[in-house]
2 protein chains.
Amino acid sequence: MTNARRSGPDLTEAIMRTTLELGQELGYAKLSIEAIAARAGVGKHTIYRRWPSKGALLLDSLLSLSESALGYPDTGDLLMDLRTQIYEAVDLLAGPPFSALFKALIGEAQHDPGVAAALNERFIAPQADKTVARLKAARDQDRLSPDFDLDVAMAILSGPLYFRLLITQEPLTHEYVDRILDALFTGLGPRA
Amino acid sequence: MTNARRSGPDLTEAIMRTTLELGQELGYAKLSIEAIAARAGVGKHTIYRRWPSKGALLLDSLLSLSESALGYPDTGDLLMDLRTQIYEAVDLLAGPPFSALFKALIGEAQHDPGVAAALNERFIAPQADKTVARLKAARDQDRLSPDFDLDVAMAILSGPLYFRLLITQEPLTHEYVDRILDALFTGLGPRA
DNA sequence: CAAGAACGGCACGTGCCGTGCCGTTACTGT
DNA sequence: ACAGTAACGGCACGGCACGTGCCGTTCTTG
């Protein structure tokens with residue numbers, strides 16, 4: 001008769017899975033912790049014990065997807081490595097089925113400092129660090145000018161993508177990624 | 001004994017003013033239409049009659065500030081014109097006292113398509129168009145290479161700024177604007 | 001000056017919040 | 001093996017803001 005009550009990490013994972021599931025169905029705005037608890041067959045306490053807010057829960061749920069997925073190759077070909085890496089990230093987070101939830105999460109970060117900090121520490125900064133490290137390796141091997149500004153380069157690679165994703169809300173295609181990469185490395189055409 | 005009941009445009013303006021006021025005090029998350037109505041001495045209907053949502057109300061409130069403020073000079077010096085324009089925009093929207101509300105508005109746009117569309121049509125696109133137009137003028141005068149990609153240039157100018165504002169949440173300084181402008185026009189250093 | 005729209009004030013039902021309490025179940029250390 | 005404890009599901013609660021009615025009053029329009 002024991003109803004196979006689940007425990008510990010099991011539950012955590014089940015809750016996160018349910019969060020992504022319900023989030024896709026309802027959208028972030030209509031997603032409620034009450035509904036997640038009901039769907040997951042879980043008491044609300046069990047959720048509140050683990051996460052302080054809906055945003056934190058969604059953050060963990062989404063990051064559990066990316067943690068294993070996003071590596072960073074170094075084949076020696078800088079441009080190709082960057083392209084590979086950015087394609088992966090863009091496909092995972094800006095494509096279906098998680099694009100809307102990821103955008104909502106960044107939205108939540110705009111008025112929840114905790115979410116903002118966690119998002120930075122656990123996703124943005126590591127990703128940026130890897131990009132900068134890959135650029136630095138290329139510079140150290142004299143494949144880039146010694147005065148190449150790594151941080152600005154990284155911002156130019158990321159900025160326009162997030163601009164498209166969050167502001168103009170146009171689709172993030174590989175073709176667009178290529179245009180940014182081209183602009184960064186071959187320049188926008190010399191001044192007359 | 002007539003209690004000087006206000007009407008029409010008067011009210012609209014008063015509500016928007018109260019929205020900005022209360023928004024600064026409470027932050028967007030805790031800002032409620034109920035509280036705005038109470039503070040403004042107005043029935044909730046009067047607000048709902050004008051705006052469909054809190055986001056739409058905040059959008060109008062914030063845009064009423066920028067509409068008159070953000071011009072676009074053409075002195076002939078492209079770099080200086082861009083710098084002037086971007087400084088202005090950055091100071092107005094990314095500096096106190098409206099930075100937090102502006103960020104919250106963009107956050108709202110992530111799960112309210114209406115707000116997203118209105119934000120684009122009434123603020124982002126006009127601003128981008130002006131930038132592109134200014135760049136195009138320079139290119140037409142042979143101050144830029146004929147194959148200078150105007151749209152990508154515009155994205156490289158805006159993207160990193162929004163990236164800083166929304167993602168890494170670092171302060172948007174004039175110095176940072178300068179670094180982006182430098183990178184765009186003098187390049188990041190040629191490849192070895 | 002009459003008709004109607006817009007107004008402020010109030011009340012209502014609804015949904016979700018976050019918390020407290022219950023009895024039950026699974027883990028812990030000895 | 002077994003007691004003690006922590007975590008669990010379920011339920012109920014007060015609180016708050018939502019969005020919508022209704023009322024009586026005031027302003028605008030023709």
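None of these values were measured; they are calculated from a predicted model.
Here the side chains of A/Tyr28 and A/Leu105 are not in contact, with every heavy-atom distance at 4.5 Å or above. Side-chain atoms of B/Ile36 and B/Ile47, non-hydrogen and from C-beta on, do get closer than 4.5 Å to each other.
Residues of residues 54-62 of chain B that place a heavy atom closer than 4.0 Å to DNA chain C do not occur. Residues from residues 105-119 of chain A placing a heavy atom under 4.0 Å of any atom in DNA chain C do not occur.
In summary, A/Arg17 and A/Glu21 do not engage in a salt bridge, as defined by a charged side-chain N under 4.0 Å from a carboxylate O. Salt bridge A/Arg122/A/Asp60: present, at least one basic N to carboxylate O contact under 4.0 Å.
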Could you list, one pair per line, each protein nitrogen or oxygen that sits under 3.5 Å from a nitrogen or oxygen of nucleotides 13-15 of chain D, together with the distance?
none

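Residue-to-nucleotide proximity on DNA chain D shows that, of B/Ser53 and A/Arg50, the 5′-proximal contact is made by A/Arg50.
Side-chain contact of A/Glu170 with A/Thr168: a donor-acceptor pair under 3.5 Å is present, judged by distance alone. A donor-acceptor contact closer than 3.5 angstrom links the side chains of B/Thr131 and B/Tyr72. Side-chain contact of B/Thr75 with B/Asp77: a donor-acceptor pair under 3.5 Å is absent, judged by distance alone.
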Using a 3.5 Å cut-off and no angle test, enumerate the donor-acceptor pairs between side-chain atoms of residues 155-167 of chain B and protein atoms at least two apart in sequence or in another chain.
{"unit_1": "B/Ser158", "atom_1": "OG", "unit_2": "B/Met154", "atom_2": "O", "d": "3.3"}
{"unit_1": "B/Arg164", "atom_1": "NH1", "unit_2": "B/Pro171", "atom_2": "O", "d": "2.7"}

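In this structure, A/Lys136 fails the cation-pi test against A/Phe148, since its NZ or CZ atom is not both closer than 6.0 Å to the six-membered ring centre and inside 45 degrees of the ring normal.
Here the P atom of nucleotide C/dA26 and the CG atom of A/Asp10 are 12 Å apart, to the nearest Å. Protein atom CD1 of A/Ile47 is 12 Å distant from nucleotide atom C1' of D/dG9, rounded to whole Å. For the pair A/Ile36 CD1 and C/dG18 C1', the computed distance is 15 Å after rounding to whole Å. In this structure, A/Leu11 places its CG atom 18 Å from P of D/dA6, rounding to the nearest Å.
Listed by chain and residue number, nothing satisfies the ring pair (Phe, Tyr, Trp, His ring centres under 6.0 Å) test with A/Tyr48 (two or more places apart in sequence, or in another chain).
For the helix from C/dC1-D/dG30 to C/dT30-D/dA1, the angle separating the two terminal helix axes comes to 40°, with each axis derived from five pairs and the value rounded to 10°.
The side chain of A/Thr46 contributes an N or O atom lying less than 4.0 Å from OP1 or OP2 of D/dG9.
The base of D/dC22 sits within donor-acceptor range of the side chain of B/His45, with an N or O pair under 3.5 Å.
Both A/Ile33 and A/Leu26 are members of a single hydrophobic cluster when ILVMFWY side chains are connected at heavy-atom separations under 4.5 Å.
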